[in-house]
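Just the heavy atoms: all of them, side chains too, but no hydrogens, waters or symmetry mates, feed the values below. None of the values given here were measured: they were computed from a predicted structure. The sequence lines fix the lettering, A, B, ..., with proteins before strands; numbering per chain opens at 1.
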Amino acid sequence: MNLAEGVQFVSFLVLSAMMIGAALGVVLLANIVYSAFLLALVFISMSGMYILLNAGFVAAAQILVYVGAVNVLILFGIMLVNKRQDFVAIKNAWVGRAATAAVCIGLFALLSTMVLATPWAISDLRPIGDGAIVAIGKHFFTDYLLPFELASVLLLMAMIGAIVIARRDFLPDDLPGDSPEPPVLTLPERPREAITAQK
Amino acid sequence: MSAGIDLQTSFIELLQGYGLTPGLAKVVWMPLPMVLIVGAVTVLALVSTWLERKVSAAAQQRIGPEYMGPFGLLVPVADVLKLLFKEDIMPAKTDPWLFSLAPLLVFIPIFLSFLIVPFGQNLLISDLNIGIFLWISLSSIAPIGLLMAGYSSNNKYSLLGGLRAAAQSISYELPLALAVLAVVMMSNSLSTIDIVNQQSGYGILSWNVWRQPVGFVIFWIAALAECERMPFDLPEAEEELVAGYQTEYSAVKFMLFYAGSYANLVLSALMVAVLYLGGWGFPISVSAIADWIGVSETTPWLQVITASLGIVMMLFKAYLLLFIAILLRWTVPRVRIDQLLDLGWKFLLPVSLANLLLTAGLKLAFPVAFGG
């Protein structure tokens with residue numbers, strides 16, 4: 001084993017440990033903000049894996065799309081939603097948890113059998129490496145044109161939908177039945193009557 | 001086009017002359033450019049803080065730093081020393097992990113992006129094939145760090161500042177990437193070296209700024225917004241948000257934000273130079289001059305001069321842009337948040353899309369001038 005292979009092996013181990021640990025953290029931590037940040041770590045370790053596979057473009061795209069867009073969107077979602085709801089303990093909460101665990105374990109078993117059963121034929125072709133951008137572009141506009149265009153149309157629909165939702169021309173000031181209470185002002189700069197007017 | 005000096009090959013050959021194996025020689029070489037670039041970037045960022053003080057003083061008819069070293073040149077050093085020895089305060093109700101991690105998440109991608117900044121044909125750390133795309137994707141990590149800083153500070157101003165910074169950074173990423181895409185389309189490559197070489201044919205006349213004037217303006221505005229510079233420094237708007245996401249930070253962690261923002265500014269200026277101002281190219285093509293005085297382009301002393309001239313030109317262009325950015329900061333009022341988002345989404349984005357379309361059309365119509 002020469003130096004390059006050793007570095008690759010160690011990076012592979014570190015990236016795998018990081019990815020699995022972060023993914024477990026996403027699922028198991030109670031704080032949703034931690035989960036969102038750890039999700040970014042999962043995506044970053046995945047892009048490291050792509051770099052190890054000589055796929056630099058895919059790695060950069062992975063960071064741009066998943067870390068830069070999807071994950072930031074999730075964080076925005078978490079931080080901007082201001083829903084105040086009292087926590088009510090649900091009876092028999094363990095049923096839901098048990099069902100979730102069963103589904104997860106079933107999926108895991110299914111995937112592991114798939115991984116073990118598939119005869120993995122490792123291609124001995126040279127990795128395309130630097131020519132990847134050109135090859136990906138050619139595929140997008142020839143044999144993968146339909147999925148590519150469909151994805152574009154889907155994104156366009158999502159964008160128009162977002163604009164329609166954001167463009168509400170009126171905002172309901174106060175909901176009916178929700179009698180507004182005057183806010184209690186405590187700061188020194190609260191409006192008050194002039195001292196001369198009090199007498 | 002000559003290859004210019006290749007320090008890596010010469011250095012490795014030198015070490016092999018001393019009896020090292022090629023692999024070992026390469027291992028010895030590898031950290032050298034990285035350490036050099038990190039040191040150089042730190043110095044460049046420090047110089048730009050000094051420039052900021054001096055130019056702001058000139059804009060306000062003051063003298064500015066004067067007594068610390070000649071022309072106050074040692075002020076940045078004193079700044080760093082102060083921040084290093086200051087007590088590192090962490091407010092009681094913060095989230096300690098995220099609070100410490102956030103400055104690093106902002107700082108590291110910026111320094112990592114210098115991987116692809118070329119100062120000459122072979123004077124860069126790594127001529128990656130994805131070049132400029134690496135910079136765009138790395139700069140998209142910054143919003144996560146900003147959100148993390150805002151959230152973990154447990155302070156309403158920090159949270160609002162972090163959200164604003166992330167929103168701004170995302171909004172201006174799109175016009176920035178589209179402007180870069182137009183340049184990439186013309187040079188048929190994402191590599192920074194190819195982008196510069198494509199502009200090097202006729203000296204100043206072949207620079208991209210003449211072929212992409214709209215893209216140049218869009219890129220510059222978007223880069224300023226990405227760096228949170230003055231017309232767009234809403235995340236740190238003092239009157240509204242104290243210091244935005246930096247409010248609770250002090251000492252070394254604050255220094256990371258501070259150094260990161262100036263390093264990012266230097267990086268953006270260097271990128272403008274690479275993409276639109278011919279990179280390390282001299283306004284008159286060096287090979288033309290060599291022809292003219294009758295010296296072969298491969299003469300060693302000429303190559304040394306060319307390489308030094310390249311570095312000087314690159315820094316000159318970057319600092320000219322930096323000077324404009326600083327002048328803008330001290331002369332232009334801040335925009336409002338709705339104006340900022342309007343400018344990004346309703347003006348720059350459509351204009352940059354039209355610019356991209358126009359570039360594609362021109363490339364098909366005039367392949368000679370627009371890199372067919």
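Interface residue B:Ile170: only side-chain heavy atoms are found under 4.5 Å from chain A. Both the backbone and the side chain of A:Ala61 come within contact range of chain B, each with at least one heavy atom under 4.5 Å from a heavy atom of that chain. When heavy atoms are compared at a cutoff of 4.5 Å, B:Leu105 does not approach chain A at all. Using a 4.5 Å cut-off between heavy atoms, A:Val33 contacts chain B through its side chain alone, with no backbone atom that close.
Counting heavy-atom pairs under 4.5 Å between each of B:Ile144, B:Leu138, B:Ile141 and chain A puts B:Ile144 at the top. Your options are A:Ala60, A:Gly68, A:Ala36, A:Ala59, and the one with the most heavy-atom pairs under 4.5 Å with chain B is A:Ala60.
Within 6.0 Å of atom CZ in A:Phe148, more than 12 heavy atoms from other residues, nucleotides or ligands are found, so the atom counts as buried in its surroundings. Surrounding CG of A:Leu24 are more than 12 heavy atoms belonging to other residues, nucleotides or ligands, all under 6.0 Å away.
If you take CD1 on A:Ile133 and CZ on B:Phe133, they are separated by 8.0 Å, rounding to the nearest 0.5 Å. Rounding to the nearest 0.5 Å gives a distance of 11.5 Å between CG of B:Leu146 and CG of A:Leu75.
Residues A:Phe37 and B:Leu101 form no side-chain contact, since every pair of their non-hydrogen atoms from C-beta on lies 4.5 Å or further apart.
Of all non-hydrogen atoms in B:Ala167 and A:Phe76, the two that sit nearest each other are N-CZ, 3.6 Å.
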Enumerate, including both backbone and side-chain atoms, all donor-acceptor pairs under 3.5 Å from chain A to chain B.
from    : atom 1 : to      : atom 2 : distance (Å)
A:Tyr34 : OH     : B:Asp95 : OD1    : 2.8
A:Tyr34 : OH     : B:Asp95 : OD2    : 2.6

